[in-house]
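In what follows, chains are A, B, ... by sequence order, proteins preceding strands, each numbered from 1.
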Amino acid sequence: MLDLNFVRDNLPLVEEKLRLRGMNPAEVLKDFGEVDSQRRQAITATETLKAQRNRASEEIAKLKKSGQDASAQIAETKDLREQIQEKEKTSIELEARLQEILAGIPNLPHSSVPAGKSAEDNVEVRRWGTPPKFDFAPKPHWELGEQLGILDLERAVKLTGGRFAVYWDLGAKLERALANFMLDVHTREHGYTEVLPPYLVNSASMYGTGQLPKFASDLFRVLHGETDLWLVPTAEVPVTNLYRDEVLDAERLPVSLTAYTPCFRSEAGSYGKDVRGIIRQHQFQKVELVKFSRPEDSYDQLEKLTQAAEEILQKLGLPYRTMALCSADMGFSSAKTYDLEVWLPGQQVFREISSCSNFESFQARRANIRYRPEGKNKTEFVHTLNGSGLAVGRTWLAIIENYQQSDGSVLIPEALKPYMGVDRITAKKF
RNA sequence: GGAGAGUUGGCCGAGUGGUUGAUGGCACCGGUCUUGAAAACCGGCAUACCUUAACGGGUAUCGGGGGUUCGAAUCCCUCACUCUCCGCCA
């Protein structure tokens, strides 16, 4: 979330940035100014009463110490207590309303973010690779996967339901090979430290990265006896929250972490599009990249993080383009986002395979992640960044579609051969 | 699952109802000394919010929440977590 003082002092700027996002400032900010000033009045009123009570208590202590009678003062203070409770109730209510408004304000787009009204206005900043040429009609991955016997959506329905998948044999191995390959590249070549976090987290963690309170309906919840946990929708949640409520040493920054986890997303209402194949699943696996950075470095770090994700696509020989999301298409918490879109010949489209964002201090403020700049006693919020490096499920299908052959088999990209042990996937029945 | 012991500032660690926002140490910042550094010595050093033009004043915070009391780090309840022992288990 944004800083209260910043919002109060820069209201016109906040409104302008909200409009850039395609939002109506009046709807987002509601009666911010009114609630803010009422809250301050209420706080002043209660605190004046409290100060009065504290002075009286001190008086009582002195009287008692010198052996004098204090019953008059005690009676008076008793009365004060009721007044305080009443006033305090109002200020707590107003505080809650203000927090709710503040929590509902999205991050402000960075000045380098292209202005726009929809995804149509996203800007292509670069393109890599050449889409493969086929002397036959390339098939979509759901046909290829079924024919090869490596992707089984029917049995997944039997086991669990729609939007889940079963991978067989070299299909399962390809998923595992991709994860290992990505983690190896990021840890060996890009300086990331591998982390294996829990796949279930508590509500505080979901608040820390902003999934709660607004997006509960996109999540899977696990209630068991007294426990109330959530399945992670992305490794961003547990990994960013590793440093929740901590103060990091300045010399450790930037901290770069990578994690391979399943991701669970309920995403009610996003059906209709992408119903075929495994583009949009309730469970998919992803290698995530997370950075904690000094504020002044964070945009350099965003470029590095995006580059690291792009390198995976390059090593796999998958054509892609890098899009700078426009102001209207960015996520709630992001100040700037690059999407990587991989070419899918079976569908003749570019599809998102990675999303790399700088959240500046938006998440850090919420999750209370700070650092102490050298030579200063005061702590500051770090900037947090993350990106997919990459979504393994979508990389899987991109390989199937881009490396398909006229006989229906799929070649294994050079970089993956050591991980696969074979250089081609051919049809099998299971 | 059972029994017990804990949780205090960036870190360590005192403190069991009344100037304790909290002794002390480490770390950090400034200074003295030094050619420079180290050591030593002196001083400073929590956070958030309200208020003030400013100086300053005020409120809250000792794991979270609630309670007792004129007054709570200190007493009570509750939840979470950590540690030790027992049980169970891959």
Self-check item: Atom-pair distance (CE on A:Met1; C1' on B:rA48), nearest Å
Solution: 12 Å
Quiz prompt | Sugar-phosphate only, base, or nothing, as touched by A:Ile43 at under 4.0 Å among non-hydrogen atoms | solution = sugar-phosphate
Quiz item: Between B:rA48 atom P and A:Arg366 atom CZ, what is the distance in whole Å?
Solution: 19 Å
Practice problem: Step through the shown structure and confirm whether more than 12 heavy atoms of other residues, nucleotides or ligands are within 6.0 Å of NZ on A:Lys417. | Solution: yes
Self-check item: Candidates A:Ser355, A:Ser388, A:Ser354, A:Ser357 - the one meeting side-chain hydrogen bond (donor to acceptor under 3.5 Å, both in side chains) with A:Asp339
Solution: A:Ser355
Quiz prompt | Distance, P atom - from B:rU20 to B:rG4, rounded to whole angstrom | solution = 36 Å
Practice problem: Tell me what A:Asn54 touches on the nucleic acid: a base, only sugar-phosphate, or nothing, going by heavy atoms under 4.0 Å. | Solution: sugar-phosphate
Practice problem: Round to a whole Å and report the spacing from CD of A:Glu47 to P of B:rC49. | Solution: 12 Å
Quiz item: In whole angstrom, what separates A:Leu4's CG from B:rA48's P?
Solution: 13 Å
Quiz item: How long is the line joining CZ of A:Arg365 and P of B:rA48, in whole Å?
Solution: 11 Å
Quiz item: Is A:Arg252 touching bases, backbone alone, or none of the nucleic acid, heavy atoms closer than 4.0 Å?
Solution: nothing
Quiz prompt | Atom P, compared across B:rA37 and B:rC28: separation rounded to whole Å | solution = 15 Å
Quiz item: Roughly how many Å is it from NZ in A:Lys78 to C1' in B:rU69, rounded to a whole number?
Solution: 9 Å
Self-check item: Spacing of A:Ile84 atom CD1 relative to B:rG58 atom C1', expressed in whole Å
Solution: 13 Å
